[in-house]
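Data block below; observations after.
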Amino acid sequence: MTKVPVGDQPPDIEIQIRNMLMQFITQENSLILAVSPANADLANSDALKLAKEVDPQGLRTIGVITKLDLMDEGTDAREILENRLLPLRRGYIGVVNRSQRDIEGKKDIKVAQDSERKFFLTHPAYRNLADKMGTPYLQRVLNQQLTNHIRDTLPGLRDKLQKQLALMEKDVQDYKNFRPDDPSRKTKLMLQMIQGFSTDFERNIEGSGHGNSEVNTIELSGGARINRIFHERFPYEMVKRVPDEKELRRKIAYAIRNIHGVRLGLFTPDKAFELIVKEQIRMLQDPAVKCVDLVVAELSQILKKITERLARYPRFRDEIDRIVTTHIREREQSAKDHMKQMVDIELAYMNTNHEDFIGFTRAAQGAAEQPQKQKLGNQVIRKGYLAIHNVGGFMRGAKDFFFVLTSENLSWFRDESESEKKFMLPLEGLRIRDSESGFLSRKLTFALFSPDGRNVFKDLKQLELSCENQDEVDNWKASFLRAGVYPEKTSAPAKEEEAAEEEIMDPQLERQVETIRNLVESYMRIVSKNVRDLVPKTIMYSMINESKEFIQTELIPSLYSAGDQNTLMEESLEESTRREEMLRMYNACKEALKIIGDVSVQTVATAVPPPVKDDWIQASSAPENGHGGPPRGGPIGGIRPNHTGGSIGSGGAQTPSISRSAPAPPPGGGGGAVNMGFPSGPRIPARPSPSMNDIAGMAAAATANGGWNPNGPSGGLPPPLLPTRPGQQQQQQYGMGGPPPVPGRPMVPTRPANAK
């Protein structure tokens, strides 16, 4: 791994390389080749360290030793390749690759493999391991490990394919005999989809608690949202239109004065009552029309949600959406006309004989009943998260709490578990108004305050709360209205003359204003109650029920009159592709299950090698010799030089000195196992190896006599060499690897000339 960036490499080149490696070796279905050069200390190997991090059991790690031909003279890596020095569970495999000169010279791969094979066969330390070394053997090991992995994952893969096949079975049964151009199939399918559309629309309006339909447990939807509009949003919009008390009294005084004209009125004019009441009744039209708009928006959302299920046939979906939307818009206009007509009916006749109307006598006596707050008990009205803005100072900003609004107080908690209560605020005498959001806040803010100026929360005159969107703000305001917290009344500032006139109002006029105010308040209470009751009923009758009836009875004729049914029921390109893809996946799953069955029967897996002690793969175990590798010219990883023979002087023969250990049993399981035999016993001498010149001479002689063939079926090994008797006169010096060729028969030493 690159440690220091060179040239235009990025400064974090080491981190990038490590991340790229980890992206691959962390996958459980990958084999890890921990490649280390033979001419460097194995304890400093970055490859082994990374492999240990992601594969601590060593099930996927195979050690690879390269550059065996570049080791210093007199050193070898046999103890590593025999998995005795720094053992791995799957052992090590040695390879000799092409050099840079070979690559530049375009040396053939086949020739390079032959050179690699010859190196292992002729090297005195690796000749006994030649069958377990080299690139071809590494390839066979990797293929075997891949086979083992496939066999290990077959049970889980088979189970997954069977489940996927079962899920696709129902759709595939419909697709197998599918004919896109069959008119009878299209007609049947269109009728089924219309019936399903009608059922879904009615279920969304009436509620999804019946049947096997899924119930939304995250948010309100469909009819539940329309119900909230009827009983929260619409009453809140009505209360917002009620004029302020001071503004109402001022209008009544002007009306009485204008009716009397230049005369001084001795009696309270009933015409002033009629004028003020009609003005307030007209103000109820806008909340009613807005309620219709809100319901239409909810119906559009329901329609959009249902038609998404018809995406398989885009033209059919678009035509249904167009027909139903057009009908809803027509019913919307009809509902708005009903609202205007309802207001006109209220304006047409003032029923002052209503049983709930207080009458002139009680109004003059000041006996008008004040609006009584509905006694709800301390029941919960609404729960949800809100942010408090003006608590904790400017730098701390807003903080979210879980609020519980009841009919008597407002409490907030740390979270929705309601286990840790922060504060409980009584709602008696409070009002609500909009507040400006801070320049760092994107939330919409409203505030609770007291009209008499007292502190609301601790030393704060108002408590600022905020929501994510305007819809949530309006819903919370409507909930506060149910709890008796009314919005602030804003009136235009009076002029100085008007204020002066109010101050000098005579007592008689003041009594007349009070009488008219009581009458207006009593009558408007009756009208508001009627409007609040009739608006939801009118919307249900003229819009929602009419739309349901239209879908059940008139939608099919409208579709038939819209155009050709074959054209309407044409599949989308995505659906056609999906059908073909599902059939292809179904057939592929069946074929895969068949292949898995064949693989389970025909392949043979090898056992995983036993665990080894690999605690040595730690960063702290790296030797600190100043340059991170073995000493120059010294052995690799503590391996001693290999001397398999001695020198022969001119005076006689000398027995070769043996200092190399015997080869370990061939490692199994794709790369070698630990040499468990004789871990502490004496070393067994190995057979002396011939020198390169001797091997070449023997090969030439044997080939000429039709004997040993290096490329023959014996794997390229020379015939065994027999040691000579001590004292025999040699014709040439021993080489580094072993004795000279063996003669045809043993030589008997001659008697010395002076022997007796």
Side-chain angles (χ1 to χ4, degrees), residues 192-237 287-312 316-318 320-329 331-332 335 379-386 400 402-405 416 443-444 467-482 532 535-552 555:
Q192 291 176 348
M193 295 180 72
I194 292 175
Q195 182 64 30
F197 176 81
S198 175
T199 303
D200 291 341
F201 186 83
E202 184 173 1
R203 184 179 293 132
N204 275 271
I205 296 296
E206 301 297 336
S208 54
H210 304 284
N212 298 324
S213 58
E214 297 182 358
V215 178
N216 191 341
T217 59
I218 300 176
E219 61 180 359
L220 295 179
S221 62
R225 294 179 63 89
I226 294 176
N227 179 273
R228 190 172 66 179
I229 292 173
F230 286 160
H231 301 293
E232 291 187 7
R233 291 292 300 275
F234 176 57
Y236 171 71
E237 295 296 331
V289 172
K290 185 172 183 179
C291 184
V292 174
D293 293 334
L294 293 174
V295 173
V296 169
E298 290 299 331
L299 290 177
S300 300
Q301 290 296 324
I302 294 173
L303 182 62
K304 180 180 179 182
K305 176 183 176 182
I306 298 175
T307 53
E308 287 178 354
R309 305 172 188 174
L310 308 177
R312 180 177 177 181
F316 178 72
R317 177 197 61 194
D318 295 342
I320 283 186
D321 184 75
R322 182 189 66 81
I323 294 174
V324 177
T325 301
T326 302
H327 179 77
I328 291 177
R329 293 300 178 185
R331 302 315 304 172
E332 175 189 4
Q379 70 179 27
V380 176
I381 298 177
R382 187 181 182 88
K383 293 183 178 181
Y385 279 97
L386 289 173
D400 292 335
F402 187 77
F403 282 75
V404 177
L405 174 64
E416 58 188 6
K443 296 184 177 182
L444 300 176
C467 300
E468 295 292 339
N469 51 63
Q470 186 63 44
D471 185 62
E472 285 294 319
V473 172
D474 292 339
N475 291 333
W476 272 103
K477 288 181 178 179
S479 299
F480 276 110
L481 178 63
R482 290 183 58 191
R532 190 176 300 182
V535 166
K537 293 179 179 179
T538 304
I539 293 176
M540 287 296 299
Y541 169 76
S542 61
M543 283 186 56
I544 298 178
N545 292 341
E546 283 287 341
S547 298
K548 291 192 296 183
E549 185 69 21
F550 173 81
I551 292 174
Q552 292 176 357
L555 182 57

*Can you establish whether the number of heavy atoms outside Y541 located under 6.0 Å from its atom OH is more than 12?*
no
_Chi angles and distances behind the side-chain contact (heavy atoms from CB on, under 4.5 Å) call for L555, S198_ = CA-CA 9 Å; L555 182 57; S198 175; over 6 Å; no
*Derivation and outcome, side-chain contact (heavy atoms from CB on, under 4.5 Å), residues D293 and V289*: CA-CA 6 Å; D293 293 334; V289 172; 4.2 Å; yes
Can you name the salt bridge (charged side-chain N to carboxylate O under 4.0 Å, His left out) partners of [X], sequence neighbours left out?
| X | answer |
| --- | --- |
| D321 | none |
| D474 | R233 |
| R331 | none |

*Got a second to check how far I226's CD1 is from I544's CD1, nearest 0.5 Å?*
4.0 Å
*How far does CD1 of I551 sit from NE2 of H327, to the nearest 0.5 angstrom?*
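These two atoms lie 8.0 Å from each other.
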*Output all residues satisfying ring pair (Phe, Tyr, Trp, His ring centres under 6.0 Å) with F402, sequence neighbours left out; order by chain, then residue number.*
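For F402 the ring pair (Phe, Tyr, Trp, His ring centres under 6.0 Å) partners, ignoring immediate neighbours, are Y385.
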*With sequence neighbours excluded, tell me which residues meet side-chain hydrogen bond (donor to acceptor under 3.5 Å, both in side chains) with E332.*
R329, K336
_Min side-chain heavy-atom separation N475-R382 under 4.5 Å_ =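 Side chain of N475 against side chain of R382, heavy atoms only: contact under 4.5 Å found.
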*Counting distance only, does the side-chain N/O of T307 pair as donor-acceptor with the main-chain N or O of K304 below 3.5 Å?*
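Yes: the side chain of T307 pairs with the backbone of K304.
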_Any donor-acceptor N/O pair, N204 side chain to D200 backbone, under 3.5 Å_ = yes
*Listed by chain and number, what are the side chain to side chain contact (heavy atoms under 4.5 Å, CB included) partners of Q301, not counting sequence neighbours?*
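Listed in chain order: nothing, the list is empty.
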